There are 2 protein chains.
Amino acid sequence: MIDIDKIDRKILSILQADGRIANVELAERIGLSPTSIGERLKRLQRDGFVEGYGARLNPHRLGLGLLVFVEVMLDKTTPDVFERFARAVQTAPEVLECHMVAGGFDYLVKARVADMTAYRRFLGESLLALPGVRETRTYAVMEEVKRDAPLPVG
Amino acid sequence: MIDIDKIDRKILSILQADGRIANVELAERIGLSPTSIGERLKRLQRDGFVEGYGARLNPHRLGLGLLVFVEVMLDKTTPDVFERFARAVQTAPEVLECHMVAGGFDYLVKARVADMTAYRRFLGESLLALPGVRETRTYAVMEEVKRDAPLPVG
DNA sequence: AGAGAGTACGGAAATTATTTGGTTTGGCCG
DNA sequence: CGGCCAAACCAAATAATTTCCGTACTCTCT
C-alpha cells in the first residue's frame with residue numbers, strides 16, 4: 001500500500017473538481033513548480049489513484065430527465081443467474097450503476113431514461129426479460145438533492 | 001431547447017470517456033479541424049451540455065472500501081424536516097448522492113466510508129442525529145457490478 | 001441575387017506540457 | 001564521520017497544444 005501526503009491529496013481534490021485545470025495553475029494554487037506537480041500527478045496515475053478523467057454532462061440537457069432506482073430480486077434456483085444478470089446489465093446503456101447488496105433484495109440498479117414511458121419499456125424489455133428476475137421494486141427520483149459529490153480526500 | 005447533431009454527440013461521448021484528451025487528437029478521431037472542434041466544444045459548454053470535468057479517483061485506493069445505500073424515512077410532523085435534512089446531507093462528506101424518491105421511503109442516500117466501523121459512526125453521528133429521521137434501512141454493497149457508466153449520448 | 005448566420009479551415013501568436021540537467025534533502029551504511 | 005543513494009524539487013529549453021484572426025463555403029430568408 002502506497003501512502004500519499006497532504007500535497008497529493010490537494011492535487012486529487014482540485015483535479016476532482018476541475019479535471020482540465022492547467023498544470024501551471026494547479027502548481028500555482030498548491031505552491032509548487034509545475035514540474036513537481038507533473039511528477040506527482042504521473043505517480044498518482046501510475047499507482048492507480050487516478051483512474052481517468054471525464055466530462056460531466058447534464059443528463060436533462062440530453063433528454064434523460066428521469067432517474068430511477070430499481071431493487072431486483074432473483075430466483076436462486078439456477079446456479080448462474082447472478083452471472084447472467086451481471087453480464088446483461090453491463091450492456092444496457094440505461095443502467096448507470098448496478099450493485100449487489102446484502103439485505104432484503106439482491107441487486108440495486110440505478111438507471112437514467114427519458115421519461116416514464118421509456119422506463120416502462122426498459123423495465124419490460126430489458127430487466128424483466130432477463131431470466132431469473134423474480135421481482136422488482138421501482139423508485140422514481142423526484143428531486144436530486146445531492147448529485148455525484150466528490151470523494152472526500154482531505 | 002437546443003439540439004445537437006451527430007458530431008456533437010461524438011464529442012460528448014469521447015469526452016465522457018477521456019476528459020483530458022487533446023483537442024487535436026479529438027479532432028483527428030472525429031475527422032474535423034481542431035479549430036472547429038474547439039468551437040463546438042465551447043458551444044456545448046456554453047449551452048450547458050458539459051457542466052465540467054473531473055478526475056475519476058479509485059475509492060478503494062483512498063481507503064473508502066465500503067459503499068452503502070441507506071433508505072431514510074422522515075417524520076412528517078414538522079414542515080421543514082425535508083429542507084433541514086436536505087441541507088444537512090450537503091455538508092456530509094460521506095454522502096455522495098442523495099435523492100428524494102416516490103415510494104416506500106423518503107430519501108435514498110449513497111455513501112462511501114472506510115469500513116463497517118466507520119459506517120456505524122456515520123449512521124449514529126450524522127444520519128440519526130438529524131432531527132426528523134424516523135427510520136433507516138441500510139444496504140451494504142457486496143460487489144459493484146457496474147460503476148458510474150457514461151450517459152448514453154449516442 | 002444579396003445579406004446574414006452558421007460552420008469550417010489554415011496559419012500565426014500565445015499559452016501550456018514535457019523533457020533535461022542540476023541542486024538540495026534525508027536516510028543508510030561502511 | 002564521510003560517502004553514497006534515492007527522492008523531491010526547481011529553472012530553462014524544447015515540443016506540443018490552444019487560441020485568435022482572416023477567409024471561404026453553404027443555407028436560408030427577404
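Remember, it's a predicted structure, so these values are computed and weren't measured experimentally. All chains are named by letter (A, B, ...) in the order of the sequence lines, taking the proteins before the strands, and each is independently numbered beginning at 1.
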Can you figure out which of dT16(C), dC9(D), dG10(C) approaches the side chain of Leu32(A) most closely? dC9(D)

Taken to the nearest whole Å, CD1/Ile30(B) to C1'/dT7(C) is 15 Å

Which of the following nucleotides, dT17(D), dC9(D), dA8(C), is nearest to the side chain of Ala22(B)? dT17(D)

Between Asp106(A) and Arg134(A), does any side-chain N to carboxylate O distance fall below 4.0 Å? no

Atom pair distance, as rounded to whole Å: CD in Glu39(B) and P in dG10(C): 13 Å

Once hydrogens and angles are ignored, does a donor-acceptor distance under 3.5 Å link the base of dA11(D) to the side chain of Thr35(A)? yes

Can you tell me how far P of dT18(D) sits from CZ of Arg40(B), to the nearest Å? 17 Å

Among dT18(D), dT19(C), dC10(D), which nucleotide has an atom closest to any side-chain atom of Lys42(A)? dT19(C)

Would Glu144(B) and Arg147(B) pass as an ion pair if we require N to O under 4.0 Å? yes

What is the separation between atom CG on Leu41(A) and atom P on dA8(D), rounded to the nearest whole Å? 14 Å

Compute the ring centroids of Phe69(A) and His99(B), then answer whether they are less than 6.0 Å apart. yes

Rounding to an integer number of Å, can you tell me how far Gln45(B) CD sits from dT19(D) C1'? 14 Å

Would you say the rings of Tyr53(B) and Tyr53(A) are close, in the sense that their centroids are separated by under 6.0 Å? no

Return the value, rounded to whole Å, for the distance between atom CG of Asp18(A) and atom P of dT16(C). 13 Å

May I have the distance from Tyr53(B) (atom OH) to dT18(D) (atom P), rounded to whole angstrom? 11 Å

Contact nearer the 5' end of DNA chain D, comparing Arg20(A) with Pro34(A): Pro34(A)

Value in whole Å for how far the P atom of dT18(C) lies from CD1 of Ile37(A): 13 Å

